[in-house]
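Nothing fancy with the numbering, it's 1 onward along the sequence.
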Amino acid sequence: MPKTKVYEPEFKKKIVQMYLEEGRTIKSLNEEYQLGDGTVRKWVRAFREECETNPDLNDTKNLYEENRKLRRELEEKKKEIAFLKKAAAFFAKEID
């Protein structure tokens, strides 16, 4: 019977943070850190359950999710700015 690998709490927290805050997929985390298929999902579920009972952790979870949302919005704005710069350059050539 294979021995179950034990991970440090700091490592688990880092993985959960990457999932919640940075928006990494479970599949990418599993591949990068060579984790089992349900490992990250289990850690995220445990973190969310713990957040329900611990208000301090709930605040942390909310900050992770807000940070993730803001990162997505920032990326969207960067794409919009790049598009507008290209459009401005195109129209500037047309005027000349």
Is any side-chain heavy atom of [X] closer than 4.5 Å to a side-chain heavy atom of [Y]?
X	Y	value
Asp59	Tyr64	no
Tyr33	Lys14	yes
Glu21	Arg71	yes

Straight-line distance of [X] [atom1] to [Y] [atom2], nearest 0.5 Å:
X	Y	atom1	atom2	answer
Lys27	Asp37	NZ	CG	10.0 Å
Leu20	Arg48	CG	CZ	5.5 Å
Glu65	Leu70	CD	CG	12.0 Å
Asn67	Asn62	CG	CG	12.5 Å
Ile26	Trp43	CD1	CH2	11.5 Å
Lys78	Leu74	NZ	CG	4.5 Å

Whether [Y] and [X] form a salt bridge (side-chain N of Lys/Arg under 4.0 Å from carboxylate O of Asp/Glu) is what I want to check.
X	Y	result
Glu32	Arg24	yes
Glu73	Lys69	yes
Arg72	Glu75	no

Exercise for review: Indicate, with yes or no, if Tyr7 and Leu29 share a hydrophobic cluster defined by side-chain heavy-atom contacts under 4.5 Å among Ile, Leu, Val, Met, Phe, Trp and Tyr.
Suggested key: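 Linked, Leu29 and Tyr7 end up in one cluster.
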Review point. When hydrophobic residues are tied together by side-chain contacts of less than 4.5 Å, even through go-betweens, does Phe47 share a cluster with Leu63?
Key: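 Each belongs to a different hydrophobic cluster.
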Practice item. Please say whether more than 12 non-hydrogen atoms of neighbouring residues, nucleotides or ligands are located less than 6.0 Å from CD in Glu80. Key: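 More than 12 within 6.0 Å, yes.
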Closest approach of [X] and [Y], non-hydrogen atoms and distance?
X	Y	answer
Arg68	Tyr19	NH1-O, 3.6 Å
Cys51	Leu57	SG-O, 3.4 Å
Ile15	Val40	CG2-CG2, 3.8 Å

